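The structure under discussion appears below in the form of structure tokens.
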There are 2 protein chains.
Amino acid sequence: MTHPQPFVLRDNDTGGTTYTIGELAREFGITTRAIRFYEDEGLLSPQRVGSKRLYRRRDRARLKLILRGKRLGFTLAEMREAFELYDEAHGEARQLKYYLSVLEEKRAQLLQQRQDLEETLEELEQSYSHCRQLLETQERQGKATEEKDLPAPRSSTGT
Amino acid sequence: MTHPQPFVLRDNDTGGTTYTIGELAREFGITTRAIRFYEDEGLLSPQRVGSKRLYRRRDRARLKLILRGKRLGFTLAEMREAFELYDEAHGEARQLKYYLSVLEEKRAQLLQQRQDLEETLEELEQSYSHCRQLLETQERQGKATEEKDLPAPRSSTGT
DNA sequence: AAAAAGGTTGACGTATACGTAAACGGTAAC
DNA sequence: GTTACCGTTTACGTATACGTCAACCTTTTT
């Protein structure tokens, strides 16, 4: 499995799929600035080829985790903590136990969030169908109305 | 229903349950500063009694919504928008339609978030049981270890 | 050789969501 | 009356997460 590769590495070949910073930025719809920032904050540590950063599958996976974490409201510091713990916890029992306690904490947090989410979704859907009912009633009554499907009908007498 | 109340209002009685800013802050575990800030940002508009703010059931409900929204990652600006739309949408079809489109957008956002959440929870639980297995294996092997249940076992040779 | 298209490191700017302190007003208790 | 406690406004400070230049390399294309 880990025997030396009998091939001559051609230039950019580091023995696996790699990505430039621009490719990742495009793929995930973020800026290169953001990706470098995550590195500054200790969340990524890509290889270097000359002065350029080279991202591998693991880096890409972490970036994915970062973005998902962000959507869930985790701060970059929290995620760095998590990554560090994960990296360090491969052995000693104390580390493992601490890691477990952190995981439980995060779990509780996510469960609370799921609760919030379900509640909000329900209210949102109630609001939605209530609105649709109102609309239907209106449309049956006043057929003389023009102007439909306007995108942003805020105030019309502005400066 | 809306006939004038035949009672003389006694001092603080505004005809319903009311709260001071301090009460709300304590109840929700936030600072009064935060509550005033939400008002500055147009998310709350309590009555005034003299110079003091007086919060009613509706204000409290909104505060609850604000805090839940925050836990879900909504910005204050987004929530103010939502409140304004809700308040304005009680009538005209155009407003209602716009409101509906916004609701759909939010719904999509929340569904994505639920997806993220479920994925994260699953990975977290896998990580959890993997860790526990590691621990059990270790404990069966090395019984000579001391020091258990340490809370934060980070590096010990710091400055 | 010159331009275009990527990459690099600073360094400063910005929006959000408050924290913190100052300086003041009202009122209830001692 | 003064201490304590609650409230008020004004204003500056701060952490997070980048955006936005600037000024500079490479490498490739023309």
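All chains are named by letter (A, B, ...) in the order of the sequence lines, taking the proteins before the strands, and each is independently numbered beginning at 1. Side chains included, hydrogens not; waters and symmetry mates left out as well; all remaining heavy atoms used. What you are looking at is a predicted structure, and each value in this text was computed from that prediction instead of being measured.
Counting only heavy atoms from C-beta outward, the side chains of A/Glu92 and B/Gln138 never approach each other to under 4.5 Å. Looking at heavy atoms from C-beta onward, B/Thr120 lies out of side-chain contact with A/Lys106 at the 4.5 angstrom threshold.
Atom CZ of A/Arg53 is separated from atom P of C/dG6 by 17 Å (rounded to the nearest Å). A/Leu44 has its CG atom 14 Å from the P atom of D/dA17, to the nearest Å. Distance, B/Leu67 CG to C/dA17 C1': 13 Å, rounded to whole Å. Following rounding to the nearest Å, A/Arg33 (CZ) and C/dC12 (P) show an atom-to-atom distance of 13 Å. Note: CG (A/Leu72) to C1' (D/dA17) measures 17 Å, nearest angstrom. Summarising the geometry, the separation between CZ on B/Phe28 and C1' on C/dA17 is reported as 19 Å, rounded to the nearest angstrom. The interatomic distance linking A/Tyr55 (OH) with C/dT8 (P) rounds to 6 Å, in whole Å. In this structure, A/Phe37 atom CZ and C/dA11 atom P are separated by 16 Å, rounded to whole Å.
Counting non-hydrogen atoms under 4.0 angstrom, B/Arg36 reaches a base of the nucleic acid. Using a 4.0 Å heavy-atom distance criterion, A/Arg26 is classed as making no nucleic acid contact. Using a 4.0 Å heavy-atom distance criterion, B/Thr31 is classed as a sugar-phosphate-only contact.
Where B/Asp40 and B/Thr20 each meet DNA chain D at their nearest nucleotide, the meeting point lying more 5' is that of B/Thr20.
At most 12 non-hydrogen atoms from other residues, nucleotides or ligands lie less than 6.0 angstrom from CZ of A/Arg107.
Put simply, A/Lys70 has a side-chain N or O that comes within less than 4.0 Å of OP1 or OP2 on D/dC18. Contact annotation: B/Tyr38 side-chain N/O to C/dA17 OP1/OP2 distance is not under 4.0 Å.
Among the nucleotides C/dT8, D/dT8, C/dC18, the one closest to the side chain of A/Ile21 is C/dT8. Ranking D/dG7, D/dT16, C/dG7 by closeness to the A/Thr75 side chain, first place goes to D/dT16.
Taken from CD in A/Glu78 to CG in A/Leu72, the straight-line distance is 11.0 Å, to the nearest 0.5 Å.
Judged by a 6.0 Å distance limit and a 45° cone about the ring axis, B/Arg56 is not positioned over the six-membered ring of B/Tyr19.
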